[in-house]
2 protein chains.
Amino acid sequence: MTNRDPEESEPVERGTAERALDVAERLVQVRGFNGISYADISAELGITKASLHYHFATKADLGRALIDRYAERFAEALRLIDRERSDAPSKLDAYAELYAEVLRGERMCLCGILAAEYQTLPEPMQGAVTAFFDDNEHWLEAVLAEGEAKRALKLSAPRREVAQGILGTLEGAMLVARPYGDPTRFDATARALLAGLTG
Amino acid sequence: MTNRDPEESEPVERGTAERALDVAERLVQVRGFNGISYADISAELGITKASLHYHFATKADLGRALIDRYAERFAEALRLIDRERSDAPSKLDAYAELYAEVLRGERMCLCGILAAEYQTLPEPMQGAVTAFFDDNEHWLEAVLAEGEAKRALKLSAPRREVAQGILGTLEGAMLVARPYGDPTRFDATARALLAGLTG
DNA sequence: GTCTATAGGCAGATAGAC
DNA sequence: GTCTATCTGCCTATAGAC
């Protein structure tokens, strides 16, 4: 369990900007970027909107910082998986579990929900969203390559396509599961997906 | 090709309410419900916001009408598939093609994009979104049952779970493909999904 | 059914005091 | 860094004339 929610951690010293990102991240993962406002965030934080603007001049700045931090934390989680899991199937299992954790927090993947709003996002945010997906797919491709080399995985399509398929499938399973408030909807799809790769 | 875009069809007589739904549907499928306004719709329609309020008193009413009409049209497309396709694999193929068509129009599935915004939707819209998913899954379950009976499909999980997996996978493949403006990203995932069922 | 006009609220953002 | 105060603009929605 690496991808801990900062808001649930021990109360270490955190600056206002960091705490603002914590609140904004959760709100966006629940309501979407177009569904939240400076008022929402600053109210939860106990400061004024003007103070929040001091840390993030524009909403685009805030959104960009949100994605960058999320992507970094996700990348760190992937490095931890590489260290702690030895074979490809186990790594893919841990990867799916990252998504399941997010969903159990009643949230959508940050970049998944931003993908839905993609056409309305300021440009710097758009680039950061696809960069997140690209990073994930590259990591998945490496895992798939390792799995093929060690005969632990059998792919029926090019690695790149399979990697894209894994990402899309997990994002979609989250997307549909959340309205039902039922994380097990996600689990079944994830299990079937991974079973199809080891088959 | 059943699910034709009314805006691209021959100019048959259409009332203002219908034309408003056409415009709103496209806008929501591109920008999301929180990303559009009465001003956007009425401007494209060449009428005032007040006139639009005559047809749809509140935005919630408009949204509800949007989903209901979309769901009806989708259900009609499914009935056509049942009539024109004889075996389960072919039906699933046609089902995936419905999604591919939407994506080629640079749109997201209406209910897929609304699922992302679910927590901010007025209640009547929330119920209509899950009802759409439920309808789709019931149809898929029936197709899967037929495919199993005729030994055309081999399922490695309960029909219900497989149906949920198909829906989620296709929605997710659309969600991620759209930011890249590359419909082929969707096709690869859809093909692999169906191949795994006939396997 | 469509219009003009407008209400009332909230959005993102800024100026300037402390 | 945080505040109060304020601006401008857009939002949903309504009143009432035509």
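Chain identifiers are assigned alphabetically (A, B, ...) following the order of the sequence lines, protein sequences preceding nucleic acid strands; residue numbering begins at 1 within each chain.
- Using the six-membered ring where Trp is involved, A:F132 and A:F74 have ring planes that are perpendicular, over 60° apart on the 30 and 60° scheme.
- For A:T184 and A:D187, the side-chain atoms include no donor-acceptor pair closer than 3.5 Å.
- Residue contacts for B:Y54: at a heavy-atom cut-off of 4.0 Å it reaches a base atom on one of the strands shown.
- Taking 4.0 angstrom as the limit, B:H55 places a side-chain polar atom (N or O) nearer than this to OP1 or OP2 of C:dT2.
- In this structure, the nucleotide among D:dC3, D:dC11, D:dT2 sitting nearest to the side chain of A:A50 is D:dC3.
- Of the two residues near DNA chain D, B:A39 and A:T16, the one whose nearest nucleotide lies more 5' is A:T16.
- The nearest whole Å value for the distance from the CG atom in B:L52 to the C1' atom in C:dT2 is 12 Å.
- Looking at B:E25 and B:R73, a side-chain N of the basic residue comes within less than 4.0 Å of a carboxylate O on the acidic one, giving a salt bridge.
- Between A:K49 and B:S51, the residue anchored closer to the 5' end of DNA chain C is B:S51, taking for each the nucleotide with the nearest heavy atom.
- Between A:E101 and A:R104 no salt bridge is recorded (no basic side-chain N to carboxylate O distance below 4.0 Å).
- D:dG1 atom P lies 12 Å from atom CZ of A:R19, rounded to whole Å.
- At a threshold of 4.0 angstrom between heavy atoms, the contacts of B:I36 are confined to the sugar-phosphate backbone, with no base atom among them.
- Contacts of B:S37 with the nucleic acid, taken as non-hydrogen atoms under 4.0 Å apart, involve only primed sugar atoms and P, OP1 or OP2.
- If you take CZ of A:F56 and P of D:dT2, they are 12 Å apart, rounded to a whole angstrom.
- Closest to the side chain of B:H53, out of D:dC3, D:dA13, C:dA13, is D:dA13.
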